[in-house]
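Read the structure below first, then the notes.
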There are 2 protein chains.
Amino acid sequence: MSEPGSGQGGTHSGERVCPSNPNVSCGDCRLGDLCLPITLDAGEINQLDEIVKRGRPLKRGDALYRQGEKFTSVFAVRSGSVKSFQTALDGEERVTGLYLPGEILGMGGISSMQYDNTAVALETASVCEIPFHLLEELSVKIPSLQGRFFRLMSQEITKDQKMLTMVSTNTAEERVSALLLSISARNHHRKLSQTCFILPMTRAEIGSYLGLTLETVSRIFSRLQKQGLIKVDNKEITIEELDGLKALAKVSS
Amino acid sequence: MSEPGSGQGGTHSGERVCPSNPNVSCGDCRLGDLCLPITLDAGEINQLDEIVKRGRPLKRGDALYRQGEKFTSVFAVRSGSVKSFQTALDGEERVTGLYLPGEILGMGGISSMQYDNTAVALETASVCEIPFHLLEELSVKIPSLQGRFFRLMSQEITKDQKMLTMVSTNTAEERVSALLLSISARNHHRKLSQTCFILPMTRAEIGSYLGLTLETVSRIFSRLQKQGLIKVDNKEITIEELDGLKALAKVSS
DNA sequence: CGATAAGTTGAACTGGCTCAAGTCATGTGG
DNA sequence: CCACATGACTTGAGCCAGTTCAACTTATCG
C-alpha cells in the first residue's frame with residue numbers, strides 16, 4: 001500500500017519543489033510559513049538562508065544528534081519525520097517528541113550546551129541544520145528573528161506542559177485519541193489530509209511517547225475501530241468520526 | 001514550629017537585604033547569580049533594572065497571572081514560592097510547575113500572546129515583573145541578555161521533558177523521592193539546607209504535580225519515613241539518608 | 001473554641017501492565 | 001521468486017500499583 005518513506009513527505013511526490021532537494025533555499029521552501037522564517041522579509045530570509053546547512057537525506061534510524069553530544073545546532077524537519085528520546089539509566093528509550101515537516105527540534109540543548117536527548121529519523125527524511133551560534137548572532141541583527149525564536153521555544157514549553165498534563169491525568173484512550181488528533185491537526189496545517197495518514201511510529205514508540213505499553217496502544221486502536229471512530233490498517237489510520245474522537249480525547253484543540 | 005510564610009524565604013529573615021523590599025535593585029539582590037542577570041556586567045544590570053517592576057509582596061493564593069489573560073510579562077520569584085497550574089475542561093487544577101526564589105516563570109505565554117497557565121503564590125512571596133516587550137528590545141541591544149534568555153527557556157524545556165519522562169515511567173515512590181531531591185538540590189544551590197525544608201505545597205498539590213492522588217503521596221511519605229530515609233513532620237521534611245533517597249529516585253541529578 | 005482544611009490510614013476495586021501465544025508484514029539470501 | 005527469519009502487531013488471562021471511598025486524626029485560623 002505504501003513503500004517506506006512515504007509516510008508524511010511522500011504524499012507530495014508530484015510537487016514543483018522537491019522537499020529533499022538540498023539546493024532549495026528558505027525562500028523557495030514550501031514550508032516557509034511553518035518553519036523559522038515565518039515573520040521575516042525577503043532580505044532577512046536570504047541572510048538566514050546563508051547560515052542554514054542542508055545535508056543529504058537521512059535514512060530511517062539515522063541520528064540528527066545524540067544525547068550528551070556537544071550542542072551545536074537546532075534542526076528543522078523538511079520532509080519525513082523525526083522522533084526524539086531520552087535514554088534512561090537502565091538503557092530504556094523514552095520517546096519525548098515527534099517532529100513533522102516545518103517543526104524545529106534540538107532546543108533543549110541550548111542551556112547545558114549539550115543535547116538532552118537523541119533525535120533519529122523515523123523514515124527517509126531531510127532536515128535543515130541551523131548552527132546555533134550563527135542564529136544567535138543573526139538574531140541580534142534581525143530583531144524579528146529573535147522574536148520568532150523566542151516564540152518557537154515558548155511553543156515547545158507549552159507543548160511539553162500540555163503533554164505532561166495529559167500523561168499524568170488522562171486515560172489510555174484519551175491519550176491515544178489526542179495523539180491521533182494532534183497528528184491530524186498538524187497534517188491539516190500542512191495542507192495534507194486530516195483524516196487519513198500513515199503513523200510514523202511503531203506501537204512501541206507510541207506507547208513510550210504516551211506512557212503506555214505497546215499492547216495497550218494496540219488494544220485502544222482495536223477498540224476505537226470497533227466503536228467506528230477510526231479505521232486501522234497496520235500503520236494507516238483513517239479517522240471516521242473526527243468529532244467523536246475529539247469528544248473522547250477531552251482536549252481543547 | 002513555623003509561622004506561615006517562613007517556608008522558603010523566611011529562613012533568611014536576618015539578612016542585610018530584605019528579599020521583599022521593593023527598592024532593592026537587581027545589582028543588590030542576593031539572587032543575582034541565579035536569576036536573569038547572571039551573565040551581565042554592571043552597566044547592563046542597571047539597564048535591566050530599569051525595566052523590572054517590583055510590586056508589593058503577594059499573599060498566599062494571590063495570582064501573578066491567570067490562564068487565558070493577555071501575556072505581558074515574565075516573572076522572577078524573589079522570595080517565597082509560586083505554583084503554576086492548568087485548569088482542565090472539567091475545572092480540575094493540574095499543577096505544572098513549582099518555582100522557588102531565583103526562578104523564572106510565565107515563558108509559556110510568549111508564543112500565543114496569552115498565558116497558558118495560572119500562577120499563584122503558595123505562601124507570602126515577592127516577585128519581579130519583567131515586561132516582555134521591553135525585555136525583547138533590551139535583548140537586541142545586549143546580546144548576552146538574549147543569550148541568557150535563550151538559555152533560560154531551553155532550561156524550562158529540558159526540565160519539562162525530564163518531568164514528562166518521569167511521570168510516564170517512574171513509580172509513585174520514585175516520583176516523590178525525585179521531587180524531594182529536586183527541592184533539596186535547589187535549596188542547596190541557594191545556599192540553604194539541602195536536608196531540611198518546609199514543603200511549600202499540600203499533599204494534594206504534590207499529587208497533582210506528580211500525577212498521583214493525595215492519599216498515595218501521604219502513604220509514600222509514611223513509607224519513606226518508616227524506611228528511615230526521611231523524617232516527616234507535617235510540611236517539614238528532613239532528609240536522613242540523601243544517598244538512599246537518590247538510589248530510590250533513580251534519577252541522574 | 002469551634003469550624004474547616006489538611007493529612008493519615010484502611011479496605012476494596014480497577015485500568016493498564018505483564019506474560020504468553022499466537023498472526024501478519026517486511027525484507028533477505030539462496 | 002520463494003522460503004524463511006525477524007520484527008511488528010494482536011489478543012487473551014491473570015495480576016498489581018495506585019485509585020477510590022471511607023472513617024478518622026491533626027493542624028490552622030477566624
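Below, chains carry the letters A, B, ... as their sequence lines are ordered, and counting in each starts from 1. Note that this is a predicted model, so its numbers are computed, not measured.
For A:Asn234, whose side chain is taken as the heavy atoms from C-beta onward, the closest listed nucleotide among C:dG7, D:dT10, C:dT26 is C:dT26. Residue B:Arg60 has its side chain nearest to C:dA6 when only D:dA8, C:dA6, C:dT9 are considered.
Taking 4.0 angstrom as the limit, B:Ser222 places a side-chain polar atom (N or O) nearer than this to OP1 or OP2 of C:dT9. Between B:Arg203 and C:dG7 there is a side-chain N or O to OP1 or OP2 distance below 4.0 Å. Contact between the side-chain N/O atoms of A:Lys235 and the OP1/OP2 oxygens of D:dC9 is found at a separation under 4.0 Å.
With hydrogens and angles left out, the side-chain atoms of A:Asn117 and B:Gln161 include a donor and acceptor closer than 3.5 Å.
One can place CD of A:Glu174 at 12 Å from P of C:dG15, the figure rounded to the nearest angstrom. Rounded to whole Å, the distance from CG on B:Asp233 to C1' on C:dG7 is 12 Å. For the pair A:Phe221 CZ and D:dT11 C1', the interatomic distance rounds to 16 Å; values are reported in whole Å. Rounded to an integer number of Å, the gap from CD of A:Gln225 to P of D:dT10 is 9 Å. The distance from atom CD of A:Glu92 to atom P of C:dC17 is 14 Å, rounded to the nearest whole Å. Rounded to a whole Å, the CD atom of B:Glu236 is 14 Å from the P atom of C:dG7.
If you look at A:Phe75 and A:Tyr65, their ring centroids are closer than 6.0 Å.
At distances below 3.5 Å, not a single donor-acceptor pair connects side-chain atoms of A:Ser81 with backbone N or O atoms of A:Leu100. Judged purely by atom type and a 3.5 angstrom limit, B:Glu103 has no side-chain atom pairing as donor or acceptor with the backbone of B:Val77.
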Check: residues 211-219 of chain B side-chain donor-acceptor pairs under 3.5 Å, at least two apart:
from	atom 1	to	atom 2	distance (Å)
B:Thr213	OG1	B:Thr216	N	3.3
B:Thr213	OG1	B:Thr216	OG1	3.0

Strictly under 4.0 angstrom, non-hydrogen atoms only: write out the protein contact profile of nucleotides 13-26 of chain D, one letter per nucleotide from the 5' end, B, S or -. B----SBBB-----
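A:Phe85 is not listed as a side-chain neighbour of A:Glu205, based on a closest heavy-atom distance of 4.5 Å or more.
Among pairs with a residue in residues 90-102 of chain B, those fulfilling salt bridge (Lys or Arg N to Asp or Glu O under 4.0 Å) read B:Lys83-B:Glu93, at least two apart in sequence or across chains.
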